[in-house]
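Take a look at the structure below.
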Amino acid sequence: MKSYYITTPIYYVNDVPHIGHAYTTLACDVLARFKRLDGFDVFFLTGTDEHGQKVEKSAIAAGMSPKEFTDKVSANFRALGATMGYSNDDFIRTTEDRHIRSSQAIWQAMAARKTPLGRDNIYLGKYDGWYAVRDEAYYDESELVTGPDGKKRAPSGAEVEWVEEPSYFFRLSDWGDWLLAFYKSNPDAVGPATRLNEVRSFVEQGLHDLSISRTTFGWGVKVPGDEKHVMYVWLDALTNYITAAGYPDVEGEKFRRFWPADLHMVGKDIVRFHTVYWPAFLAAAGIATPKRVFAHGWWTNEGQKISKSLGNVIDPVKLVEKYGLDPVRYFLLREVSFGQDGDFSNSAMVRRMNTDLANDLGNLAQRVLSFVAKNAGGEVPQHGALADADRALLGAAGDLLVTIRAELDQQAFHKALEATFAVVAEANRYVDAQAPWTLRKTDPARMATVLYVLMETIRLIGFALQPFMPTTIGRLLDLLAVGADARSFSHWDWALKPGTKLPAPSGLFPRFVEDAPAAKG
RNA sequence: GGCGGCGUAGCUCAGUGGUAGAGCAGGGGAAUCAUAAUCCCUUGGUCGGGGGUUCAAAUCCCUCCGCCGCUACCA
């Protein structure tokens, strides 16, 4: 059985879950569900990133130990998973023992090996720079401004001071040529293509060595052999992807089956960590690199950039409460070309719900199924010989699997949905052209064939949409009396059996009607 | 500043040399199985401005204008 390993980033516990987190994991969930239906042995991973100075400080501020704090906030992300219907197979936390072992192991593997230029991958140096205590951040000399009092200040206005601390470094500067060769021989390693261009030009500028340890705080993975240091959060965080695959047990069945990962899904803000640092870390440790990293875009809210200070953060839980889970899942992956930025607006959401889901798909199912219930005895109709129009429609529906498989392998969710809804539209045209309400009087046998063709088409549409809207489509397949054991793509060509008793039809995608503006007073 | 991308119908976008396209929105009609849903027809663009190459350019080249992304160690 072919394997498929897909990951979300691990989410930083200092954040409150928002639409961005929900979106990334949703995209992975759809791919994971699709691959399972398509016969793959899927490993779908998400989790939380729990180390670092900010977490330590937040815990103190909340009057908790870091462990208590992270237990609490990590649970918020698990809760989001339940709300959104995610099907992840594992949920990793970087504070787990398995991950600490794994992080220390990759450090040692990197330390034991040489760069392409024959030098040590890791060396002890000192990390220095202009540090703003207020901002808890380092600034480059070029960013600083000197005030009238002669003091250097950060762009934020905070005073900076020159600080030095001992730090281990990763000799990233030796890996530039290797990375460029990597991109060249693996053009699919980074998507969309525009991100690959950016990353390549970044690497072409030349790479600096990377500080990979800190001594100024303690909430992290201890550096093996020098416990005054904790590992740089990104090295720790990225390593989660191999931890969950069983690292350092590289001979284990799980690691051999799932590593290298098929896809790391990320937001566009963390492309560099995943396409420069991560491959370099892995190569330095002698571990295979992931097959693909895909970066999606950001959402705006009613045309406005989303920010905490504007107070327009989108809470996915509220969206689901208002519009329902499956419509939200559909909208997020249909509305924008995946990889691009997109805008969330109430009007666009409602338009998708009512036009695509209620009018086109929901009404197609309803008009066909209720017609069958009333005029075909409430069972799968017995079909006769197929006419050209029948074969055309069934052919279009049958082709969907090949189409959406190809689109989803390129993370083109919107195109997969577009292709599927083109068949929905074709089916609606077919209903009008065949007019079963007329055939009922003139040619009942032909009517039965038409209804059968429509039911089969709806079954295939449902199959294609299962990963996107699992709950509602599950109900649709129930209405078609497709057994739970007959819904994987190995049953794509399976056909409905005439005479099968059908349950009473019921609506699947209600129209969304805005609440009437509440009368004041 | 450097590198890259974008600017096509009211809106969102497809279209990389050969008589301008889709969806939604707008207008008209048909049908009546259905969640007043569906189906058909239709209005609408000097393809950001200018110049050039070519028998022919949204599509190639130059230039100008506007917008956006990246340009390192916060997750």
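Proteins get letters first, then strands, A, B, ... in listed order; numbering begins at 1 in each.
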Between B:U8 and B:G23, how far is it from one C1' atom to the other, in whole Å?
15 Å
Between A:S58 and A:N14, do the side chains contain an N or O donor and an N or O acceptor separated by less than 3.5 Å?
yes
Phosphate-side-chain proximity, A:R195 and B:C70, N/O vs OP1/OP2 below 4.0 Å:
no
What does B:C6 pair with, Watson-Crick or G-U, if both distances are under 3.5 Å?
B:G66
When rounded to the nearest Å, what value does the distance between P atoms of B:G15 and B:G50 take?
25 Å
Between B:U71, B:U38, B:C73, which one does the side chain of A:Q205 approach most closely?
B:U71
Base, sugar-phosphate, or nothing: which does A:A237 touch, judged by heavy atoms less than 4.0 Å apart?
nothing
Separation of B:C74 C1' from A:I270 CD1 (nearest whole Å)
13 Å
Which residue lies toward the 5' end of RNA chain B, A:T194 or A:D356, if each is placed at its nearest nucleotide?
A:T194
Here the distance between atom C1' of B:G2 and atom CZ of A:R200, to the nearest Å, is 17 Å
For the residue pair A:I212 and A:W107, establish whether any side-chain heavy-atom pair is separated by less than 4.5 Å.
yes
Report yes or no: do A:H99 and A:T94 form a side-chain donor-acceptor pair below 3.5 Å?
no
Using whole Å, report how far CZ of A:F273 lies from P of B:C70.
12 Å
Given the P atoms of B:G10 and B:A72, what is the spacing between them in whole Å?
40 Å
Regarding the side chain of A:F509, the nearest nucleotide among B:U35, B:C73, B:C40 is B:U35
Measuring only the P atom in each nucleotide, how far is B:U59 from B:U53? A whole number of Å is fine.
15 Å
When all nucleic acid strands are considered with a 4.0 Å heavy-atom cut-off, which category describes A:I212: base, sugar-phosphate, or nothing?
nothing
Atom pair distance, as rounded to whole Å: CG in A:N197 and C1' in B:G4:
7 Å
Quick note, A:R214 side chain, CB onward, closest among B:U35, B:C73, B:A72 is B:C73
Rounded to whole angstrom units, what separation is found between the CD atom of A:E418 and the C1' atom of B:A22?
8 Å
Regarding A:L508, tell me which of base, sugar-phosphate or nothing describes its non-hydrogen contacts under 4.0 Å with the strands shown.
base
A:E198 bridged to A:R195 by N-O distance under 4.0 Å
yes
Side chains of A:T300 and A:D343 only: does a donor on one sit below 3.5 Å from an acceptor on the other?
yes
Would you say A:N354 places a side-chain N or O within less than 4.0 Å of OP1 or OP2 belonging to B:A37?
no
Is A:G206 touching bases, backbone alone, or none of the nucleic acid, heavy atoms closer than 4.0 Å?
base
For A:K72, does the NZ atom have more than 12 heavy-atom neighbours from other residues, nucleotides or ligands under 6.0 Å away?
no
For the C1' atoms, the ones on B:A57 and on B:G18, what distance do you get once it is rounded to whole angstrom?
10 Å
Under 3.5 Å donor-acceptor, A:R200 side chain and A:K184 backbone:
no
Regarding A:Y277, tell me which of base, sugar-phosphate or nothing describes its non-hydrogen contacts under 4.0 Å with the strands shown.
base
For A:K308 and B:C74, what is the distance between atoms NZ and P respectively, to the nearest whole Å?
16 Å
Looking only at atom C1', what distance separates B:G29 and B:A20, rounded to whole Å?
27 Å
Could you run down the sub-3.5 Å N/O contacts of the protein with nucleotides 25-33 of chain B?
from  : atom 1 : to     : atom 2 : distance (Å)
B:C33 : O2'    : A:R367 : O      : 3.3
B:C33 : O2     : A:R367 : NE     : 3.1
B:C33 : N3     : A:R367 : NE     : 3.4
B:C33 : N3     : A:R367 : NH2    : 2.5
B:C33 : N4     : A:R367 : NH2    : 3.1

Please determine, for the side chain of A:S201, which listed nucleotide (B:C73, B:C3, B:U71) has the closest atom?
B:C3
Between A:F91 and A:F77 (judged by ring centroids, cut-off 6.0 Å), do the two rings come close enough to count as a pair?
no
P atom, B:C62 versus B:C3: distance in rounded Å?
13 Å
If you measure from the P atom in B:A58 to the same atom in B:G52, how many Å do you get, rounded?
15 Å
Have A:Y323 and A:N346 got a donor and an acceptor in their side chains that come within less than 3.5 Å?
yes
Rounding to a whole Å, what distance do you find between A:D341:CG and B:U12:P?
14 Å
Using a strict threshold of under 4.0 Å (side-chain N to carboxylate O), is an ion pair present between A:K305 and A:D341?
no
Scan side-chain atoms only and decide if A:N121 and A:W175 contain a donor-acceptor pair under the 3.5 Å cut-off.
yes
Would you tabulate the nitrogen or oxygen pairs shorter than 3.5 Å linking the protein to nucleotides 58-60 of chain B?
none

Answer yes if the side chains of A:T8 and A:Y86 hold a donor-acceptor pair under 3.5 Å, and no otherwise.
no
State whether A:R334 places a side-chain N or O below 4.0 Å from either non-bridging phosphate oxygen (OP1 or OP2) of B:G23.
no
Examine the base of B:A37 for any acceptor or donor lying under 3.5 Å from a partner atom in the side chain of A:N359, and report the outcome as yes or no.
no
Please report the distance, rounded to the nearest Å, between CE in A:M353 and C1' in B:U35.
12 Å
With sugar-phosphate meaning primed atoms plus P, OP1 and OP2, does A:D360 contact a base, only sugar-phosphate, or nothing at under 4.0 Å between heavy atoms?
sugar-phosphate
